[in-house]
Asks: 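Here you go, one structure.
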Amino acid sequence: MGSVITAEGLTKAFGATVALRDLTLEVQPGEVFGYLGPNGAGKTTTLRLIMGLIRPTTGSVSVLGMDAWRDAVPIHARVGYVPGELVLYDRLTGYDHVDYLAALRGGTRPARVDQLAEQLDLDLRRPARELSRGNRQKVALVLALMTEPELLVLDEPTGGLDPMVQRTVQGLILDHAAGGGAVLLSSHVLGEVQRVASRIGVLRAGRLVAVERLDDLRAKSLHHVEVQFAEAVPAGILDPVPDLRDVTVDGSSLRCSAPQSSLDAVLKVVSAHPVVDFACAEAELEETFLAYYGAGETDAA
Amino acid sequence: MLRDITTKTLRDQGRAFAGWGVAIVLLVAMYVAIWPSMRDQPAMSDFIDQMPEAFRNLFATSGADMSTPVGYLQIELLSFMAPILVILYAVTAGSAAVAGEESRRTLDLLVTAPVSRRRLVLEKTLAMVIGTVGLSALLGLALVVEGRFADMSLPTADVAAAMLHLALLGLVFGGVALAIGCATGSPGLSKGIPAVLAVVTYIVNGLGGMVSWLEPLQKYSPFYQYAAHDPLRTGVSWPAVVVAFVTVVVLVVVAVLGFERRDVHN
Ligand SMILES: Nc1ncnc2c1ncn2[C@@H]1O[C@H](COP(=O)(O)OP(=O)(O)O)[C@@H](O)[C@H]1O
Ligand SMILES: [Mg+2]
């Protein structure tokens, strides 16, 4: 079977603002693709193009082998979507939403709904206007998951959810992928996707700047190295070692961040001098990610 | 009640419809209650006759006789209040159909369901038609039933004819609201433009008989199709029905094509 999502030269401009520029991307069955970028990078724009809500300026995107704009109806029958700015009908309850959208799909309330609500600890009998942001988000997840779609398109789906529920949602995403389904999951922080994504794409100012397997990112994961020498060492002592970051040598103390692949070379340089103290700790994946793909540009909000 | 977009939309309109319905029944009751004192006051007819002609043309169907029930209703209710109510209702429904849901952002739920944009617009249109026709029918029913209490003999068939023309009048402006809402997504434009259009075409129709340069435009006014042939006395004018119906169909086609071609705003 081919790709679930194929974008080719996909570009979207809103007047003078180019929100997405020349995106080429494939998402495979059974894959969870983490789509990362700071606010305003163009994630929502990409997902809305995939859902046929907006039309590409140039290029194209196909979903399940069909054109996202032209064939929106058959595609939507097989895709679940959680919009970024989620709004429900104030007066309708969770069950009303379920029944309405199930009817629009030509069916009745799927048996899976109550099981999903229980897993998410969600009361579907309450009207949407009485629900917290987190609970609305859960209703949206139930709506997207209830028909067991082949593709899930989730726009920052865990924003507003407490960490425990985030875990549950991540579990649902993993189950979905384990069953052969594909997931496109956007977020502005790696932490929200790193447990579930097999690959990540990094979007910045409308351009896809990197696509990387999460395992490869882990292999590049940085280690903080701190050494206290018995005597002052030359400032350029680590110059021969490649791929180091944030090297500071201050008299007899040394600090740096090193990927796993450089650790051996660092140790060999260090051990040539008398060492008083030595510490080496692996950094959070998030920190590694930011070191490679732009600290300061990721909005922490 | 949540089987499809039409029933869901009618359910949303339910409260508004109930409010409008009560207003109409009370309004008719008020006019009917005033009727006996009007009838016995020949001065009232004189008053209308003495009004400046422009004024009379604007607010009354010309030639109506205030001393008959039919003439009284034509002048008092059907020339002004009833069109306002029905047009307001239809324009509100037409604007809410797509532009309203879009500005409240619930449209994303519908457009990302496996429902074509065409079907979405047509189901919303059907809800607008049912609501507008229902409201007109309620007005007609109120006239006939409440009129009995005041000895107003109103020919049922002609009241039905007038209500058919009234519903079509509302749907023409509702159709404009729908088309603009579908093409632009703007609730403001989709209510404002039909409102301005209604005022302008009302004036064109009212003054067309007197102002020579307006006269050629008069028969293009939806109000001309609505009442120029005096439906309470002469019944249905099929040419007028066809003109209004074709106008509504064209507007719905414009709405579908407009919505099928554009981005949904976020
Ligand atoms: N409908 C629109 N009209 C004009 N500009 C838009 C529209 N939608 C998005 N943009 C702009 O496109 C850029 C990308 O936005 P978006 O895709 O929402 O980013 P993200 O989801 O990554 O935060 C932003 O600069 C935003 O202001
Ligand atoms: Mg976004």
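Chain identifiers are assigned alphabetically (A, B, ...) following the order of the sequence lines, protein sequences preceding nucleic acid strands; residue numbering begins at 1 within each chain.
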Asks: CG/A/Leu104 to CG/B/Leu120 distance, rounded to the nearest 0.5 angstrom?
Replies: 8.5 Å
Asks: With chain B as the partner, which of A/Tyr81, A/Trp69, A/Tyr89 has the greatest number of non-hydrogen pairs under 4.5 Å?
Replies: A/Tyr89
Asks: Please state whether the side chain, the backbone, both or neither of A/Thr108 comes within less than 4.5 Å of a heavy atom of chain B.
Replies: neither
Asks: Taking the side chain as everything from C-beta on, heavy atoms only, tell me whether A/Ile54 gets closer than 4.5 Å to B/Arg262.
Replies: no
Asks: Compare all side-chain heavy atoms of A/Arg91 with those of B/Arg15 and state whether any distance is below 4.5 angstrom.
Replies: yes
Asks: For chain B, find which of A/Leu92, A/Leu143, A/Asp90 contributes the most heavy-atom pairs closer than 4.5 angstrom.
Replies: A/Leu92
Asks: Using non-hydrogen atoms only, which part of A/Ala77 is less than 4.5 Å away from chain B: side chain, backbone, both, or neither?
Replies: both
Asks: What do you reckon, is CZ of B/Phe245 surrounded by more than 12 foreign heavy atoms closer than 6.0 Å?
Replies: no
Asks: Identify the residues of residues 97-106 of chain B whose heavy atoms come closer than 4.5 Å to a heavy atom of chain A, ordered by number, or report 'none'.
Replies: B/Glu101, B/Arg104, B/Arg105, B/Thr106
Asks: Among A/Leu86, A/Val73, A/Val153, who wins on heavy-atom pairs under 4.5 Å with chain B?
Replies: A/Val73
Asks: Are any of the side-chain heavy atoms of B/Leu109 and A/His97 separated by less than 4.5 Å?
Replies: yes
Asks: Counting only non-hydrogen atoms closer than 4.5 Å, does B/Leu107 touch chain A with its backbone (N, CA, C, O), its side chain (CB onward), both, or neither?
Replies: neither
Asks: Taking NZ, NE, NH1 and NH2 as the nitrogens, is one of them in A/Arg48 or B/Asp108 under 4.0 Å from a carboxylate oxygen of the other?
Replies: yes
Asks: Between A/His76 (side chain only) and B/Pro114 (backbone N and O only), is there a donor and an acceptor less than 3.5 Å apart?
Replies: no
Asks: Does any non-hydrogen side-chain atom of B/Asp263 lie less than 4.5 Å from one of A/Phe14?
Replies: yes
Asks: With a 6.0 Å cut-off (strictly less than), is the heavy-atom count around CZ of B/Arg118, excluding the residue itself, greater than 12?
Replies: no
Asks: Run the salt-bridge test on A/Asp99 and B/Lys8 with the 4.0 Å N-O cut-off and return the result as yes or no.
Replies: no
Asks: Taking CD in A/Glu118 as the centre, count heavy atoms belonging to other residues, nucleotides or ligands within less than 6.0 Å. Is the count above 12?
Replies: no
Asks: Once rounded to the nearest 0.5 Å, what's the spacing between atom CG of B/Asn266 and atom CG of A/Leu53?
Replies: 8.5 Å
Asks: Just verifying a value: how many Å separate A/Leu101 CG and B/Leu2 CG, rounded to the nearest 0.5 Å?
Replies: 9.5 Å
